[in-house]
Amino acid sequence: MTSIELPDPESDGSTSVEQAIAIRESRRSFARTPIDIDDVAQLLWAAQGRTHVRDGVELRAAPSAGTTYPLTIFLEVAPNGSEELEPGVYRYEQQRHALERDLETAVHDDLTAASLDQAVIADAPMTIVVTADYDRTQRQYPDHGERYVHMEAGHVAENVHLVCEARGLNTCPVGAFTDTAVATALSLPARLEALYLLPVGHRPAQ
Ligand SMILES: Cc1cc2nc3c(=O)[nH]c(=O)nc-3n(C[C@H](O)[C@H](O)[C@H](O)COP(=O)(O)O)c2cc1C
């Protein structure tokens with residue numbers, strides 16, 4: 001399996017959180033230009049990257065009920081989606097801030113079909129896929145665990161969305177897809193369920 005170390009994420013930027021919130025909207029069109037590895041690194045870090053240690057517990061960029069951390073982030077790269085990453089499916093190793101190339105074949109058409117042929121997936125050079133292992137959280141919270149996992153996926157999606165706005169990238173949260181078809185397209189392990197698709201691309205020229 002190929003492992004790709006990602007550039008360190010930036011801890012500062014020129015767009016304030018307030019500005020990013022004020023301009024945020026779902027943006028469904030993309031330029032046909034590849035995404036830089038620096039952008040990939042920043043977006044994946046915003047999704048689930050390591051931040052700091054508190055009371056001996058390593059924290060991530062998005063909160064997690066009881067620090068159970070049920071989410072795993074994948075990156076689907078379309079043909080010509082990146083100059084540094086071959087088309088296929090990568091898993092974000094948050095501990096090492098690295099990508100593991102899980103699938104070495106392009107699955108872009110399958111992911112598009114699984115997403116009800118939405119153009120927002122078809123046209124995106126990359127799609128971040130938020131998946132969850134419900135059991136991790138439900139073991140600790142039998143009553144509310146499922147709800148917590150969904151809340152966490154929302155936290156991740158908003159982090160990614162705001163970083164996109166701050167970096168001039170387009171994204172749109174996508175929840176309309178066939179669960180089993182996404183799982184098959186990405187060859188997800190049985191314990192993981194796909195919850196959210198976040199296609200990302202550069203803004204088209206006006
Ligand atoms: C849970 C969820 C699922 C969504 N699924 C889709 C989708 O499958 N396709 C799509 O084009 N937009 C999808 N959207 C985007 C909404 O249509 C969009 O957020 C809404 O129109 C409000 O617009 P705004 O995001 O620009 O504020 C989804 C949004 C959410 C929160």
Side-chain angles (χ1 to χ4, degrees), residues 13 15-33 35 39 42-44 46-48 60-65 68-78 81 89 92 106-134 136-138 141 144-186 188 192-206:
T15 306
S16 69
V17 176
E18 290 84 353
Q19 286 169 326
I21 293 171
I23 60 173
R24 186 216 59 81
E25 63 176 271
S26 295
R27 303 178 192 272
R28 297 181 176 81
S29 50
F30 305 109
R32 289 187 181 278
T33 45
I35 307 286
D39 285 326
Q42 197 69 29
L43 292 168
L44 294 174
Q48 274 298 276
R60 302 188 187 181
S64 176
T68 49
Y69 294 123
L71 304 180
T72 301
I73 308 297
F74 290 83
L75 180 72
E76 183 269 331
V77 178
V89 178
Y92 180 53
V107 300
H108 193 66
D109 292 346
D110 293 338
L111 187 62
T112 299
S115 315
L116 319 179
D117 284 317
Q118 293 189 63
V120 72
I121 298 294
D123 298 345
M126 289 183 186
T127 295
I128 294 171
V129 182
V130 181
T131 73
D133 177 351
Y134 283 93
R136 283 183 70 92
T137 305
Q138 283 180 315
Y141 302 106
H144 285 167
E146 183 182 13
R147 174 192 302 184
Y148 292 163
V149 171
H150 297 163
M151 290 170 173
E152 290 186 33
H155 288 298
V156 167
E158 189 67 359
N159 277 5
V160 169
H161 210 143
L162 293 180
V163 170
C164 280
E165 294 293 351
R167 295 175 85 87
L169 295 165
N170 281 5
T171 189
C172 170
V174 169
F177 54 81
T178 308
D179 299 2
T180 49
V182 169
T184 303
L186 302 180
L188 290 182
L192 294 181
E193 287 190 38
L195 292 182
Y196 231 164
L197 307 183
L198 308 169
V200 176
H202 285 284
R203 300 205 168 144
Q206 297 291 321

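In each ligand, atom 1 is the first atom listed, and ligand 1 is the first ligand listed. These numbers come from a predicted model, not from an experiment. The first residue of the sequence shown is numbered 1, and numbering continues consecutively from there.
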Numbering the atoms of ligand 1 from 1, which are under 4.0 Å from a heavy atom of [X]?
X: Cys172; value: 10 (C), 11 (O), 12 (N)
X: Gly175; value: 3 (C), 4 (C), 5 (N), 6 (C), 7 (C), 8 (O)
X: Glu25; value: 26 (O)
X: Ala176; value: 8 (O)

Gap separating the [atom1] atom of [X] from the [atom2] atom of [Y], nearest 0.5 angstrom:
X: Asn159; Y: Cys164; atom1: CG; atom2: SG; answer: 11.0 Å
X: Met126; Y: Leu43; atom1: CE; atom2: CG; answer: 9.0 Å
X: Arg136; Y: Thr68; atom1: CZ; atom2: OG1; answer: 7.0 Å
X: Ser16; Y: Ile21; atom1: OG; atom2: CD1; answer: 8.5 Å

Legend entry - Tyr196 touching ligand 1 at heavy-atom level, < 4.0 angstrom: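 Within the 4.0 Å threshold, so yes.
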
Inset, instruction - For Arg24 and ligand 1, answer yes if some heavy atom of the residue is under 4.0 Å from a ligand atom, otherwise no. - result: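 Arg24: in contact with ligand 1 (<4.0 Å).
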
Legend entry - Close side-chain approach of Leu198 and Pro173, heavy atoms under 4.5 Å: yes

Legend entry - Any non-hydrogen protein atom less than 4.0 Å away from atom 3 (C) of ligand 1: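 So far as the 4.0 Å threshold goes, atom 3 (C) of ligand 1 is in reach of a protein heavy atom.
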
Inset, instruction - Taking atom 20 (C) of ligand 1 as the reference point, report whether a protein heavy atom occurs under 4.0 Å from it. - result: no

Legend entry - Closest candidate by heavy atom, reference atom 11 (O) of ligand 1, pool Arg28, Glu158, His150: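 Closest candidate by heavy-atom distance is Arg28.
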
Closest protein heavy atom to [atom], given as residue, atom name and distance to 0.1 Å:
atom: atom 14 (N) of ligand 1; answer: Pro173 O, 3.0 Å
atom: atom 9 (N) of ligand 1; answer: Gln118 OE1, 2.7 Å
atom: atom 25 (O) of ligand 1; answer: Ser26 OG, 2.5 Å

Legend entry - Glu165/Arg203 salt bridge by N-O under 4.0 Å criterion: yes

Legend entry - Result of checking Val120, Thr178, Leu197, Thr127 against Ser115 for side-chain contact (heavy atoms from CB on, under 4.5 Å): Leu197

Inset, instruction - For residues His150 and Tyr134, establish whether the separation of their ring centroids is below 6.0 Å. - result: yes

Legend entry - ligand 1 contact on Ser115 by region, counting heavy-atom pairs under 4.0 Å: neither

Legend entry - Taking every non-hydrogen atom, the tightest pair across Ala20 and Thr15: N-CG2, 3.9 Å

